[in-house]
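Report on the following structure.
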Amino acid sequence: MTQTAKIHPIAKVIVVLILLFLAIVALFPFFALLLASFKPSTELLRYGLNLKLQAHLLSFKNYIYLFQEGAKYLAWYKNSLIITAVGTVLSLLFSSMVGYALAVYDFKGRNAIFILVLTVMMIPIEILMLPLYKLMVSFKMINTYWGVIVPTMVAPIAIFFFRQYALGLPKELLDAARIDGCSEFRIFFSIMVPLMKPAFGAMAILQAMGYWNSFLWPTVILRTEDMFTLPIGLSGLLTPYGNNYDILISGSLLTILPIIVLFMFFQRYFISGLTVGGVKG
Amino acid sequence: MENKLDYSVQAVPQKRKGNGIIFSQKVAPYIFVSPFILSFLIFFLYPSISTIIMSFQEVLPGETKFIGVENYKKLLNPHFYAALRNTTIYTIWTLIILIPLPLVLAVILNSKAIPGRNFFRSAYFIPALTSTIVVGVVFRLIFGELESAPANALLKLLGLPAQQWTMHWGTGMFLMVFLASWKWLGVNILYFLSGLQSIPKELYESAEIDGAGMFRKFFYITLPLLKPVVIYVLTISIFGGFRMYEESFVFWQNQSPGDIGLTLVGYIYREGFINNDMGFGSAIGIVLLIIVFVINIIQLKVTGAFKKEG
């Protein structure tokens, strides 16, 4: 008798229907956004977001507006890309180093440092944003990419993840490399980093999404429109007058789309990246 | 130069100790962890102390003076109560929805009898990929005030009156909780799924031999063994709840009618940056810090995390 045989067919149909309904709820906003992006903004303003197909109204105009002169969208895209790329690379570098050291070395103060990592992990940056802002003012980092990146570039959650991963690295390799005369840094960069590839994959995604989607801290730091990231710029377009809806909708879609496409290819890394700290399966 | 040549011909290179102390096993770990130490001192310890000090100060440009507990006295006002109440109720709602529902869905999706399991898993997960702010744009439009907006159209279909979603406390809370539930459901399902997959199948098999039904198996095997995952999800949900800001921002920016969307983090932002009262903002931050710490300690006590990791 298998598990399969026990579920009543009618119960199964009901369960699948509920699952389908939830899937529709989960995907509906994307569908609505996609449809709206092909409609003129006047339509959207007058009738709101609706699901009528209205084939005669559909066009690519809203996407063309994004690239027009005067539209800041490309600048926001560029800012978001730079912050995401630089932030992710730096946070991977630093967090992997720290996590690795906490896992493979036995040194004085290791446990204390690990407890500090756990503590910082549990304190949201929002609580400290006022003093951090003042600090950034004195560092002259207001309205710069560095101001967004630097305070978040050593990521406790990634340190934690790398540590857990590095605990499973084969210690024999370490000893063998030492006997061969490798320095500790060469061991890390040329032997251990390649072994930690899956961890890097998962954390690259976690960090990149964090930077790409982050809002409050960049809002505090970035002051002028040409420095805005996508979430800041797009949220500013949402006015009751709806005068910006054409680029708001298509712009939002092009902000979300790359991540969903990446997800299709790297599902495994996304899932382990976003469920850090969960019990390993 | 000479040294370099030397190394290349050395047969037993352990003697490379002369290569400088930073390559040694003793010092290397400290260099590896130094980014964290620096970041901790500059971006955590210093701001923490600074926020405690500021909470007892009136912070004006060029002039700062100590005013004792004035800032904390000022906390006793309707805005703060609204922020605390909204944040707490929002957190409780996300716990009520985002733990049982994904748990049940994970159990369902873990059963091989369900067709399209991978599709459902991915479909539920996709919302987690998006920026709350950007997707919030769509939610604003879906829950628009027009009668033809999708949410109101649906209500009409069910014979219910159209709502002005962002104008009332109840519907406003619904919007925030709905957005959060929409976004995090799939992630929590995955947490529970990974927990479920670590439960040995033999347990279920022997329970079946003993004649246990679906519900008994759920309550006597699944639930107790999933306890660590449930506690973990509970903790991150509480943190997520108390640091909430974006779900409120997308519907009201920083100004909601009657503070129906005001949250603790939103209140820090409003007082600190918009009203330029950094001292008072810091006092709100300290209260939030204490809340988070207390929850933390309770959580560590319950799970004994310190014992395991220390």
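In what follows, chains are A, B, ... by sequence order, proteins preceding strands, each numbered from 1.
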* Minimum side-chain heavy-atom gap A:Phe263-B:Ser122 below 4.5 Å -> yes
* Asked: Would you call the rings of A:Phe30 and B:Trp182 parallel, tilted or perpendicular, where under 30° means parallel and over 60° means perpendicular?
  -> tilted
* Select, from A:Pro156, A:Gly109, A:Pro29, the one with the greatest count of heavy-atom pairs under 4.5 Å involving chain B. => A:Pro29
* Non-hydrogen side-chain atoms of A:Phe185 and B:Ile31 separated by less than 4.5 Å -> yes
* Structure fact -> So, the part of B:Tyr245 with a heavy atom under 4.5 Å from chain A: the answer is side chain
* Heavy atoms only, distances under 4.5 angstrom: which of A:Pro231, A:Ser96, A:Pro151, A:Ala155 has the most pairs with chain B? Name it, please. => A:Pro151
* A:Met129/B:Val265 under side chain to side chain contact (heavy atoms under 4.5 Å, CB included): CA gap, chis, key distance, verdict -> CA-CA 10 Å; A:Met129 68 184 166; B:Val265 170; 4.3 Å; yes
* State, to 0.1 Å, how close A:Leu216 and B:Glu246 come at their nearest heavy-atom pair, and which atoms those are. => N-OE2, 4.3 Å
* So, B:Tyr269 side chain and A:Glu126 main chain: donor-acceptor pair closer than 3.5 Å or not? -> no
* Spacing of B:Ile133 atom CD1 and A:Leu234 atom CG [to the nearest 0.5 Å] -> 10.0 Å
* Asked: Can you say whether B:Met278 sits under 4.5 Å from chain A via the side chain, the backbone, both, or neither, judging by heavy atoms?
  -> both
* **Main-chain N/O of B:Thr132 paired to A:Asn213 side chain as donor or acceptor, under 3.5 Å** => no
* Could you please spell out the steps behind the side chain to side chain contact (heavy atoms under 4.5 Å, CB included) verdict for B:Phe125 and A:Gln267? => CA-CA 10 Å; B:Phe125 187 76; A:Gln267 254 195 57; over 6 Å; no
* Could you go through the side chain to side chain contact (heavy atoms under 4.5 Å, CB included) check for B:Phe273 and A:Thr219 one step at a time? => CA-CA 11 Å; B:Phe273 291 118; A:Thr219 311; over 6 Å; no
* Structure fact -> Per ring pair (Phe, Tyr, Trp, His ring centres under 6.0 Å), B:Phe32 is matched among A:Phe188, A:Phe189, A:Phe162 by A:Phe188
* Side chain proximity check, A:Leu19 to B:Leu109, heavy atoms < 4.5 angstrom -> yes
* To do: Any chance you could measure B:Gln25, atom CD, to A:Ile187, atom CD1, to the nearest 0.5 Å?
  => 7.5 Å
* Asked: Quick one: of A:Leu27, A:Val117, A:Leu33, who has the most non-hydrogen atom pairs under 4.5 Å with chain B?
  -> A:Val117
* Of the listed residues (A:Gly251, A:Ser235, A:Gly99, A:Ser214), which shares the most heavy-atom pairs with chain B below a 4.5 Å separation? -> A:Ser235
* Structure fact -> chain B shares the most heavy-atom pairs under 4.5 Å, among A:Phe107, A:Phe270, A:Tyr133, with A:Phe107
* **Reported CE-to-CD1 distance for the pair A:Met122 and B:Ile236, which is rounded to 0.5 angstrom** => 11.5 Å
* Min side-chain heavy-atom separation B:Val134-A:Leu230 under 4.5 Å -> no
* Asked: What option among B:Ala123, B:Pro115, B:Pro35, B:Gly285 has the most heavy-atom pairs under 4.5 Å with chain A?
  -> B:Pro35
* **Interchain contact, A:Ser252 with chain B, by part (heavy-atom threshold 4.5 Å)** => both
* Asked: Does the side chain of A:Lys134 come within less than 4.5 Å of B:Val59's, by heavy atoms?
  -> yes
* Between chain A and each of B:Val292, B:Ile268, B:Ile286, count heavy-atom pairs under 4.5 Å; write down the option with the most. => B:Ile268
* Where does A:Met121 contact chain B at under 4.5 Å (heavy atoms): side chain, backbone, both or neither? -> neither
* Asked: Stepwise, does the side chain to side chain contact (heavy atoms under 4.5 Å, CB included) test hold for B:Val138 with A:Phe28?
  -> CA-CA 10 Å; B:Val138 197; A:Phe28 174 76; over 6 Å; no
* To do: Measure distances from B:Leu38 to the heavy atoms of chain A and classify the residue's part below 4.5 Å as side chain, backbone, both or neither.
  => neither
* With a 4.5 angstrom heavy-atom cut-off, could you sort out which part of B:Phe119 is near chain A: side chain, backbone, both or neither? => side chain
* Could you list which of residues 40-50 of chain B have a heavy atom closer than 4.5 Å to any heavy atom of chain A, in residue-number order? => B:Phe40, B:Ile42, B:Phe43, B:Phe44, B:Tyr46, B:Pro47, B:Ser48, B:Ser50
* Asked: Should A:Ile113 and B:Ile37 count as side-chain neighbours, where that means a heavy-atom distance under 4.5 Å?
  -> yes
* Under 4.5 Å between any side-chain heavy atoms of B:Ser131 and A:Trp212, yes or no? -> no
* **Residue part contacting chain B, namely of A:Val104, when any heavy atom lies under 4.5 Å** => neither
* **Which portion of A:Val15 sits near chain B, non-hydrogen atoms under 4.5 angstrom** => side chain
* For B:Glu147, does the CD atom sit with more than 12 other heavy atoms under 6.0 Å from it, leaving out its own atoms? -> no
* So what's closer than 4.5 Å to chain B heavy atoms on A:Ile24: side chain, backbone, both or neither? -> neither
* Asked: Do the side chains of A:Tyr105 and B:Val33 get nearer than 4.5 Å, heavy atoms only?
  -> no
* Which bit of A:Ile260 is near chain B, if near means a heavy-atom gap under 4.5 Å: side chain, backbone, both or neither? -> both
* To do: Under 4.5 Å heavy-atom distance to chain A, tell me which part of B:Leu129 shows up: side chain, backbone, both or neither.
  => both
* What part of B:Phe143 lies closer than 4.5 angstrom to a heavy atom of chain A: side chain, backbone, both or neither? -> neither
* **Flag if over 12 foreign heavy atoms under 6.0 Å of CZ, A:Phe266** => no
* Non-hydrogen atoms of chain A under 4.5 Å away: do they reach the side chain of B:Val187, the backbone, both or neither? -> both
